[in-house]
Structures are given as C-alpha cells and as structure tokens.
**Student:** 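Handing you this structure, nothing more for now.
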Amino acid sequence: MPASPSEPSAFVDAVTTAIIRRVDHYAELVDAAKADGRLERAEEIMLLDRFEHYTADVLDRYPPPGPRNRESLAFVHLYRERDDDTSAEDRCRALLAALMAAEVESRGPLRLTQAQNGRLAAILERIGAACGKEGLLLHAALAFERAAGIYLLLSDNAGRDRCLYERTRFRQKSTGPGLPKALLAVSWTLCGYGYKPYRLLAWVAIQLVVFSLGVALTVPGSVWHGIYLSVTNYLDPQGSDELSATAQMLLVTESYVSAVSLSVFFALLVHRWFRI
C-alpha cells in the first residue's frame, strides 16, 4: 500500500536511516575536532571531505524507485527546526542531518520543481545560519553556496547575491590571521565582498569630506572656494600651478583615489545590473 502524501515512503525511510547513521558517526568526528572548543579551518576542511564522501555514498547506494512527490520535499521531516531546549549535541546532529539530506535531495537523480527548489534554498539558508551559530563556519559556507546554486537555477539574482555574501562572510571568519583575512576584511568594509556596491558611496562621501577639508585649509581664499575646487577635482581632475605644493599633492592624491573608487563602483554596479 503506497504511503500517504503526509507520511514518508519506505524509500525515504531507508534513506533517512542511512543519513542518520552516517551523521551519527560524522558528528563524533566533529565533536572530537571541537574538543578544544573551536573548530580549526584545516580540520573542518578535512571533515567536509568526509561529509562529501558520506553524501555521495548515500546517493550511490539508494537510487529512487520512482518519481518523487511533487507536493513537498522528500526529507521535510529532517528539516524541521528543533526546540530551544534541545541539547547542543542533538542540535548539532540535527543540523548535520538536515544539511546532508538537503545535499542528497538537491543532487539526486530526480529533478525538483521550481517551488521545491525555492523551498530547499530557503531551508539551506536557515541551515547555514544555524551552522554558523554552532561554530561550523565552513559547513555554513557550504550550505549558503548550495543555496546560491539553486537561486541561480531560479534566476533569483538577489537571493544568489545574498547567499554568496554570507558564504564569503563565513569563509572570512574561518580564515586565520594573515593577509588573506585582511584583504577579505577590506573587501567587506568597502563593498560587502562586491555584493553590496552601494556601500562604496559612503566611502566616496568620506573621501570628499576629508579632501575638501584638506584642500580648503591649504589653498588661498575662502573655505568655500577650496571645497568647490576639491569637489570638482574629484569628478574631473584639474591641476593648477598657482596652488601650494601641499594643495597640489592633495589634489593629485584625490584624483587617483577618485579614479580607483569610482571605477570599482561602476564595475560592481554593471556586474550587479547586467550580470556580466
């Protein structure tokens, strides 16, 4: 007798059991790696390799017997949020099971409908945020990367940018101190890793204020003349031999800073608008 739409089929039950068994073993590896209270990046990378192996094993061993239910996701029972009073260990295992189930569901041989893809992407976003809170930073990045891939299929550019931003943010958090982390921090501060180009306008305003004050204090005449000279120079660089060496240096520096800032801003804007 076939299972009702609200009840998991025998196939879903079998795959769920397979996922839970692998997650139980995988969670032990995660707990061992977090024995000192923090999961190091190198350890988490190795764990994700094992996670991929388990996921591929489930996909290889359990081919679906027939078409999927078009009304809902197959492993919706694994995606349910846990109560706040759930222990940290059970919460972590539930998150890992949900992430593996989402991987199996999205990469399985049976295609999802557009509505199912949308629901799965939202679930992956929730899983990613929860993994981040549990200190599983690269697991969170993986969840957001998978969600971004689904949003690409749905032509949802805003959702994809949101997920790629979160993916990069968690990758930055997992990166140890050094030049790569510093560069990511600068990218986040200036333009949100390239996914929030309008943030650059705030820095353009700060540059204008700083250079306007500097030029106004070093050029002869009224303060407003110095401000006018700085603002016009920012948009259309113009030299002047009548100014002091300090004022000329400020104007030249301003022209280079404005060229870089505006070029990056418009490049990111074109990419955002036209997806080039």
**Student:** Would you check if N233 and F211 make a side-chain contact, meaning some heavy-atom pair closer than 4.5 Å?
**Tutor:** no

**Student:** Is the cationic atom of R119 (NZ for Lys, CZ for Arg) positioned less than 6.0 Å from the six-membered ring centroid of Y79 and within 45 degrees of its normal?
**Tutor:**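 Not flagged: R119 not positioned over aromatic ring of Y79.
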
**Student:** So, for L124 and A143, which heavy atoms are closest and what is the spacing to 0.1 Å?
**Tutor:**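 Distance-wise, the nearest heavy atoms are O-CB, 3.5 Å.
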
**Student:** Check step by step if side-chain contact (heavy atoms from CB on, under 4.5 Å) holds for F144 and R169.
**Tutor:** CA-CA 10 Å; F144 280 110; R169 185 170 69 91; 6.0 Å; no

**Student:** When hydrophobic residues are tied together by side-chain contacts of less than 4.5 Å, even through go-betweens, does M46 share a cluster with L137?
**Tutor:** no

**Student:** Rounded to the nearest 0.5 Å, what separation is found between the CD atom of Q248 and the OG1 atom of T253?
**Tutor:**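 The OG1 atom of T253 is 11.5 Å from CD of Q248, to the nearest 0.5 Å.
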
**Student:** Verify side-chain contact (heavy atoms from CB on, under 4.5 Å) between L136 and L47, making sure each step is shown before the conclusion.
**Tutor:** CA-CA 10 Å; L136 303 171; L47 284 171; over 6 Å; no

**Student:** With a 4.5 Å cut-off on side-chain heavy atoms, are L268 and Y195 touching?
**Tutor:**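 In short, these two side chains do not touch, never coming nearer than 4.5 Å.
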
**Student:** Kindly state each residue pair satisfying side-chain hydrogen bond (donor to acceptor under 3.5 Å, both in side chains) with at least one member in residues 138-148, sequence neighbours excluded.
**Tutor:** Y26-H139, E44-H139, E103-R146, E145-R171

**Student:** So, do Y234 and L262 sit near enough that their side-chain heavy atoms are less than 4.5 Å apart?
**Tutor:** yes

**Student:** Any link between L142 and L153 through a network of hydrophobic side chains (Ile, Leu, Val, Met, Phe, Trp, Tyr) touching at under 4.5 Å?
**Tutor:**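 Each belongs to a different hydrophobic cluster.
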
**Student:** Are L251 and Y256 linked, directly or through intermediate hydrophobic residues, by side-chain heavy-atom contacts shorter than 4.5 Å (ILVMFWY only)?
**Tutor:** no

**Student:** Considering non-hydrogen atoms only, spot the tightest contact between T55 and V104 and give its length.
**Tutor:** CG2-CG2, 4.0 Å

**Student:** If you look at every heavy atom in P197 and R272, which pair is closest and at what distance?
**Tutor:**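 So the two residues come closest at CG-CD, 3.8 Å.
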
**Student:** Are the side chain of S255 and the backbone of V252 linked by a donor-acceptor contact shorter than 3.5 Å?
**Tutor:**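 Looks like yes, one N/O pair under 3.5 Å.
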
**Student:** Any side-chain heavy atom of V15 within less than 4.5 Å of one from V58?
**Tutor:**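 Yes. Closest side-chain heavy atoms under 4.5 Å.
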
**Student:** When rounded to the nearest 0.5 angstrom, what distance separates CG in L99 from CG in L78?
**Tutor:**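 It comes to 11.5 Å.
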
**Student:** From I123 CD1 over to E105 CD, what is the distance, rounded to the nearest 0.5 angstrom?
**Tutor:** 7.5 Å

**Student:** Under a 3.5 Å distance rule, please check whether E125 uses its side chain to pair with a backbone N or O of A147 as donor and acceptor.
**Tutor:** no

**Student:** Side-chain polar contacts of residues 212-226 - donor-acceptor pairs under 3.5 angstrom, sequence neighbours left out - could you list them?
**Tutor:**
unit_1: S212; atom_1: OG; unit_2: L208; atom_2: O; d: 2.5
unit_1: S212; atom_1: OG; unit_2: S230; atom_2: OG; d: 3.4
unit_1: T218; atom_1: OG1; unit_2: G214; atom_2: O; d: 3.0
unit_1: T218; atom_1: OG1; unit_2: V215; atom_2: O; d: 3.2
unit_1: S222; atom_1: OG; unit_2: H225; atom_2: N; d: 3.2

**Student:** Same hydrophobic cluster for V76 and M100, using side-chain heavy-atom links shorter than 4.5 Å among ILVMFWY?
**Tutor:**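 Unlinked, V76 and M100 end up in two clusters.
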
**Student:** Please name the pair of heavy atoms, one in S106 and one in L120, separated by the smallest distance, quoted to 0.1 Å.
**Tutor:**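 Here S106 and L120 meet closest at CB-CD2, 3.7 Å.
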
**Student:** Less than 4.5 Å apart, side chain to side chain, heavy atoms only: is that true for Y151 and C163?
**Tutor:**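 The answer is yes; the side chains approach within 4.5 Å.
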
**Student:** According to salt bridge (Lys or Arg N to Asp or Glu O under 4.0 Å), does anything in residues 129-141 pair up with another residue at least two apart or in another chain? List the pairs.
**Tutor:** R91-E134

**Student:** Which atom names give the shortest non-hydrogen contact between A130 and L95, and what distance separates them?
**Tutor:** CB-CD2, 3.3 Å

**Student:** How many angstroms lie between CD1 in I150 and CG in N117, if you round to the nearest 0.5 Å?
**Tutor:**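 Separation between the atoms: 5.5 Å.
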
**Student:** Which pairs with one or both residues in residues 15-29 pass salt bridge (Lys or Arg N to Asp or Glu O under 4.0 Å), sequence neighbours excluded?
**Tutor:** R22-D57, D24-R93

**Student:** Would you say L269 ends up clustered with Y193 if hydrophobic residues are merged whenever their side chains have heavy atoms under 4.5 Å apart, either directly or through other cluster members?
**Tutor:**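 No, no single cluster joins them.
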
**Student:** For R41 versus S174, what's the shortest heavy-atom pair and its separation?
**Tutor:**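 For R41 versus S174, the nearest heavy atoms are NH1-OG, 2.6 Å.
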
**Student:** Let me confirm one number: the CG-CZ distance from L154 to R160, rounded to the nearest 0.5 Å.
**Tutor:** 12.0 Å

**Student:** Output the distance between atom CZ (F75) and atom OG1 (T16), rounded to the nearest 0.5 Å.
**Tutor:** 5.5 Å

**Student:** Can you list, pair by pair, the side-chain donor-acceptor contacts under 3.5 Å of residues 181-191, counting residues two or more places apart and other chains?
**Tutor:**
unit_1: K181; atom_1: NZ; unit_2: Q172; atom_2: O; d: 2.6
unit_1: K181; atom_1: NZ; unit_2: T175; atom_2: O; d: 3.0
unit_1: W188; atom_1: NE1; unit_2: Y165; atom_2: OH; d: 2.8
unit_1: T189; atom_1: OG1; unit_2: A185; atom_2: O; d: 2.8

**Student:** Please identify each residue that fulfils side-chain contact (heavy atoms from CB on, under 4.5 Å) with D90, with sequence neighbours left out.
**Tutor:**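 With sequence neighbours excluded, D90 shows a side-chain contact (heavy atoms from CB on, under 4.5 Å) to T86, S87, given in chain and number order.
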
